[in-house]
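I am attaching a structure below and will ask some questions about it afterwards.
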Amino acid sequence: MIRFGLCCIFKAQPIKFRKTTAAYLSRFSHQEQRKRLSEVCLANAQSLIEALAFCQRNNIGAFRINSQILPLKTHPDIGYDISELPDSERIIKTFKACGTFCREHNIRTSFHPDQFIILSSPNPDVVARSIADLKYQAQVAEWINADVINIHAGGVYGDKAGAINRLKQTIEILPEQVRKRLTLENDDKSYSPEDLLPICSVMHIPLVYDVHHHRCLKDCFSVEAATLKCLGTWDREPLFHISSPKNGWEDKEIRKHHDYINIKDFPDIWLSMDLTIEVEAKAKELAVFRLMKDLRRMPSKDLLNPNT
């Protein structure tokens with residue numbers, strides 16, 4: 001059965017996650033910075049509770065959490081440990097309440113770190129900062145019961161084999177709280193399922209199959225074959241991504257995401273599988289609702305149960 005996933009933010013609902021910048025906070029004293037960061041982090045934890053409750057009420061079985069839910073957590077100048085914030089205990093308690101809510105209502109949560117998280121970089125500083133960010137997200141994941149921290153393989157740097165080697169070496173030194181949640185995702189420019197499946201197999205890392213990316217960056221596998229190969233990498237409920245090109249497949253630029261999902265882009269093979277499918281569409285919850293509705297109209301609708 002299919003569990004539909006909403007990604008990070010809302011289009012129509014008045015549920016917001018707060019942000020701040022290092023430039024803004026640098027105007028204040030160290031103590032005032034911590035106070036303001038504490039307010040933002042607590043507000044975001046409270047918003048997460050609201051987001052999860054919305055998902056539960058609307059049969060959305062998964063929610064991807066914004067990787068900046070604790071803003072500037074690992075920033076070189078503004079960064080902080082959660083214990084340094086005035087409301088740290090309340091913040092942690094609120095996040096743990098999110099985890100309890102997820103367990104009680106069978107809602108799955110995940111992280112998808114920003115593009116600057118690159119474990120295959122030849123620059124040791126980039127790798128160190130990436131690991132620090134993954135450790136922070138794993139800390140929050142522990143509180144909220146998230147089981148996926150999903151990343152891309154990174155760049156090729158003129159030597160794909162070398163980049164893959166660095167990726168594998170870095171994964172090997174990740175702390176257990178990161179490693180047990182880590183997943184890799186095929187992208188639309190550099191790494192196809194064909195490139196990543198051998199890594200996933202050897203290192204026992206699940207592969208998040210992004211069907212849109214695969215259609216942009218083709219390899220030896222059909223969508224059906226890639227689906228089955230990627231399913232085999234999972235030791236828990238598989239998580240896949242779907243999106244549609246902004247201006248259709250005939251356009252020159254097919255990588256940009258549409259507001260909604262074209263039902264023709266939904267692989268038939270997925271209908272009979274137990275999956276989490278994160279809907280990567282600009283219209284956010286509206287796109288999830290439309291996709292659910294469109295799928296129910298199909299002849300195989302009896303295979304769908306969004307209330308997983």
Original post:
For S192 and D219, does a side-chain donor sit closer than 3.5 Å to a side-chain acceptor?
Top reply: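 Their side chains do contain a donor-acceptor pair, which is all the 3.5 Å distance test asks for.
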**OP:** Report the C-alpha separation of D81 and S83 in whole Å, then their side-chain angles, then the decisive distance to 0.1 Å, and conclude whether the side chain to side chain donor-acceptor pair (under 3.5 Å) test is met.
**Re:** CA-CA 5 Å; D81 186 271; S83 63; 2.6 Å; yes
Original post:
So does E224 have more than 12 non-hydrogen atoms from other groups sitting under 6.0 Å from CD?
Top reply: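 Enclosed: over 12 neighbouring heavy atoms sit under 6.0 Å from CD of E224.
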Original post:
Same cluster for L42 and I78 if Ile/Leu/Val/Met/Phe/Trp/Tyr side chains link at under 4.5 Å?
Top reply: yes
Original post:
Strictly by modelled atom types, are H112 and E185 linked by a side-chain donor-acceptor pair under 3.5 Å?
Top reply: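 Distance-only check passes for H112 and E185.
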**OP:** Could you tell me whether H241 and H257 have their ring centroids closer than 6.0 angstrom?
**Re:**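 Not close enough - the centres of the two rings lie 6.0 Å or further apart.
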Original post:
Linking I/L/V/M/F/W/Y whenever their side-chain heavy atoms sit closer than 4.5 Å, directly or via other members, would Y80 and V40 fall into one cluster?
Top reply: no
Subject >> Check: S244/H258 side-chain N/O donor and acceptor closer than 3.5 Å >> reply: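 Absent: no donor and acceptor within the cut-off.
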Original post:
Between the side chains of H212 and E280, is a donor N or O closer than 3.5 angstrom to an acceptor N or O?
Top reply: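 Per modelled atom types, H212 and E280 side chains form no pair under 3.5 Å.
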Original post:
Does the side chain of H214 pick up a donor-acceptor pair with the side chain of Y209 at under 3.5 Å?
Top reply: yes
Subject >> L239-L271 co-clustered via ILVMFWY side chain contacts under 4.5 Å >> reply: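 Same cluster.
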Original post:
Side chains of Y157 and R166: is there a donor and an acceptor less than 3.5 Å apart?
Top reply: no
Original post:
With a cut-off of 6.0 Å (strictly less than), are more than 12 heavy atoms of other residues, nucleotides or ligands near NZ of K96?
Top reply: no
Original post:
Can you tell me if CD on E253 sees more than 12 non-hydrogen neighbours from other groups inside 6.0 Å?
Top reply: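 Atom CD in E253 is packed in, count exceeds 12.
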Original post:
To the nearest 0.5 Å, how far apart are OG in S130 and CD1 in I151?
Top reply: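 So the gap between those two atoms works out to 8.0 Å.
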Subject >> Salt-bridge present (R181, E142; N to O < 4.0 Å) >> reply: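 Yes, this pair counts.
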